[in-house]
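First up is the structure itself, then whatever we jot down about it.
In what follows, every chain begins at residue 1, and chains take the letters A, B, ... in the order their sequences are listed. All values reported here derive from a predicted model rather than from experimental measurement.
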2 protein chains.
Amino acid sequence: MKLQQLRYALEVYRHNLNVSEAADALFTSQPGISKQIRLLEEELGIQIFIRSGKRVVSVSQPGKAVLELSERILRDVQNIKNIGSEFTDHDSGSLTIATTHTQARYVLPRIVADFVKRYPKVELSIKQGSPTAIAQMVGSGEADFAIATESIDEHIELRKLPCYEWTHAIVVPHDHPLLDCRHPLSINDLSGYPLVTYEFAFNNGSSIARAFQKARIEQPKVALSAADTDVLKTYVKLGLGVGIMAKMAFDPKNDADLQLVDADHLFEPSSTYIALRPDTYLRGYTYDFINLFAPQLTRERIDKMLYMPIEEDFSI
Amino acid sequence: MKLQQLRYALEVYRHNLNVSEAADALFTSQPGISKQIRLLEEELGIQIFIRSGKRVVSVSQPGKAVLELSERILRDVQNIKNIGSEFTDHDSGSLTIATTHTQARYVLPRIVADFVKRYPKVELSIKQGSPTAIAQMVGSGEADFAIATESIDEHIELRKLPCYEWTHAIVVPHDHPLLDCRHPLSINDLSGYPLVTYEFAFNNGSSIARAFQKARIEQPKVALSAADTDVLKTYVKLGLGVGIMAKMAFDPKNDADLQLVDADHLFEPSSTYIALRPDTYLRGYTYDFINLFAPQLTRERIDKMLYMPIEEDFSI
DNA sequence: GCCGCTTACGTCAGCCGTAACGATG
DNA sequence: CATCGTTACGGCTGACGTAAGCGGC
């Protein structure tokens, strides 16, 4: 068994079982791929792929298991290579962060500025996506870690490091009737108006969803569900409704035509997490980035959280 | 990077950093090993081993990390090969069980008899050892799983599947004064006599230790601490003291010169676990063995326990 | 001087790429 | 007939074994 063979099989799998395409992606010849995969199958005594005539049409049941293990093996190979780079050239390499819009737009910029100053040789790339998408990016190794404010898909085994808490706020145009309200706002005050908020705001486990559930308002009227805060603010400015957004995303300068109303008492604070695979070798600068982002997360604390033996409790 | 190179490096490490010995063990030439390791080091840009002159004297810090990952990679490679065997020849292969004396002597025999009848082609081997030793055997992949009654070293990440509960009992010779006791036995009754019990009986977390602690007897007099029940019974027969042993290890036929006294009310029941690495591919017959041992552990339940996403809770 | 690792070199397996062939829809 | 995979074959890299060299204890 050769590492190449595993790599080839995986690449075919990732290219919808198209061998030629996989060959192109790996900058090698198509017959080479075919042959090595057949050799691997021969060695194992099983078919990884199911062929119809000469075409590869699906993955066999044992093939799935083989591909899964191959993935882990190749990830570990990458980990070993990372160890090398870490010690030869400890301040160059790459770092890929998957995150949501709010973080990328309102929180990360100053962190990133610090980071690139300290590590100019690190290729930093930030991938933006939905909470689900970023969890998958980390799960597949496409990103080194995710910064997520929303609950993360639970079926992938990721470690979550809590970073900080933040709160939601209400925004409205200056002439909005909600501002005439003389008492502290309640959820019921809000529910009279159409809402403008994040598309995942009413996901299970979200503090916004919980607040409305507690007030027994099952189906608040949502005028617009935005993927990001900029869109959200734009439509609030247009008078489409009352905005519920992360308070930290309010910018007094650019949002002068909006009025911020505190809502700390309406919604429980949310947590921002860093989520990463427990089985990756972290470069020194990765620890530093996390530390810049959340100062309480020192290298020691991160290691402890990542490698801490797992407590379990199975009842018979 | 080649799998061989990782294999070579690991083998050298396992043979006390002796390259020639590793070469012998792998049935290859010594220069080959040297060269491949150097090539690997060159590719990674780090020294895995530290050399003094021409001798390999220790493992570098990054080398430790590399070896650890290599170990996992090679385990996964073995897993892939196991998948192959499972589908080509699903009732032959090998199964290695690490366990303690009591299990091997009093519980496993009838299970093993059933198993070998069902799977005559499986090479079954049972390794006996102390609780710590068997945990290490599983951790290192030397054994497929452990059957343990005692608490297991926590720092290795093993999954524990509860199998059954059992209780301790008291044994004494027929003429022992303890038998004159007219009321139900208490811990205090016991403490008047020297004890004969297992050497790990007063380990932390043991139900025997807890029972004595609860009765405020810190240092019971232990006449003999035995590694296994047979030794224990032998010395109780000699009148050395009062035996505390697993009730299931009492054999009315062979132990006719001993008197069994129930002690269910004195010691909490203990649990027997099967402990295994969560990252191994289990052969069909392995599931069957576990199921023979603990009928409630069906393949589905085992899978669920092994692959269940892990709940975590880290506070800031 | 013996043990243990490295260097040097010849041999050969096996990986890869090109080209021709075959099957499928 | 166009697309996709297999078979056939030659070139070449690189892994391995043998033999010789050399630094430590």
**Message:** Measure CZ/R38(A) against C1'/dC4(D) and give the value in whole Å, please.
**Reply:** 13 Å
**Request:** Could you please name the option among dT6(D), dC15(C), dA15(D) that lies closest to any side-chain atom of K2(A)?
**Result:** dC15(C)
**Asked** Once you round it to whole Å, what is the distance between P of dG4(C) and CZ of F49(B)?
**Response** 16 Å
**Message:** Regarding L26(B), tell me which of base, sugar-phosphate or nothing describes its non-hydrogen contacts under 4.0 Å with the strands shown.
**Reply:** nothing
**Request:** Return the minimal non-hydrogen interatomic distance between V138(B) and A275(B), and the atom names on each side.
**Result:** CG1-O, 3.9 Å
**Message:** I need the CD-P distance between E42(B) and dG14(D), as an integer number of Å.
**Reply:** 12 Å
**Message:** Using whole Å, what does the distance between atom P of nucleotide dG4(C) and atom CD1 of I37(B) come to?
**Reply:** 16 Å
**Message:** Does dG5(D) have OP1 or OP2 under 4.0 Å away from a side-chain N or O of S34(A)?
**Reply:** no
**Fill in**
Going 5' to 3' through nucleotides 16-25 of chain C and flagging B where a protein heavy-atom sits under 4.0 Å of the base, S where only the sugar-phosphate is that close, and - otherwise, we get SBBB----B-
**Message:** Using the rule side-chain hydrogen bond (donor to acceptor under 3.5 Å, both in side chains), only one of Q30(B), Q36(B), R38(B) pairs with S34(B); which is it?
**Reply:** Q30(B)
**Request:** Answer with base, sugar-phosphate or nothing: what part of the nucleic acid does L39(B) contact at a heavy-atom distance below 4.0 Å?
**Result:** sugar-phosphate
**Message:** Evaluate R14(A) against E71(A) for salt bridge (Lys or Arg N to Asp or Glu O under 4.0 Å), listing each step before the verdict.
**Reply:** CA-CA 11 Å; R14(A) 289 184 177 146; E71(A) 215 176 353; 3.7 Å; yes
**Message:** If I take atom CZ from residue R301(A) and atom CD1 from residue I290(A), how far apart are they, to the nearest 0.5 angstrom?
**Reply:** 13.5 Å
**Asked** In whole angstrom, what separates L3(A)'s CG from dA15(D)'s P?
**Response** 12 Å
**Request:** Could you tell me the separation between the OH atom of Y287(B) and the CD atom of E300(B), rounded to the nearest 0.5 Å?
**Result:** 9.5 Å
**Asked** Is there a residue in residues 10-24 of chain A whose heavy atoms reach under 4.0 Å of DNA chain D, and which residues are they?
**Response** L17(A), N18(A), V19(A), S20(A)
**Prompt:** Hey, are N82(B) and Q78(B) close enough side-chain-wise for a donor-acceptor pair under 3.5 Å?
**Reply:** yes
**Request:** May I have the step-by-step check of salt bridge (Lys or Arg N to Asp or Glu O under 4.0 Å) for D288(B) and R118(B), ending in yes or no?
**Result:** CA-CA 10 Å; D288(B) 275 358; R118(B) 189 131 102 199; 3.7 Å; yes
**Asked** Ring centroid separation for F115(A) and Y119(A), is it under 6.0 angstrom?
**Response** yes
**Side chain to side chain, V19(B) and Y8(B), heavy atoms closer than 4.5 Å** = no
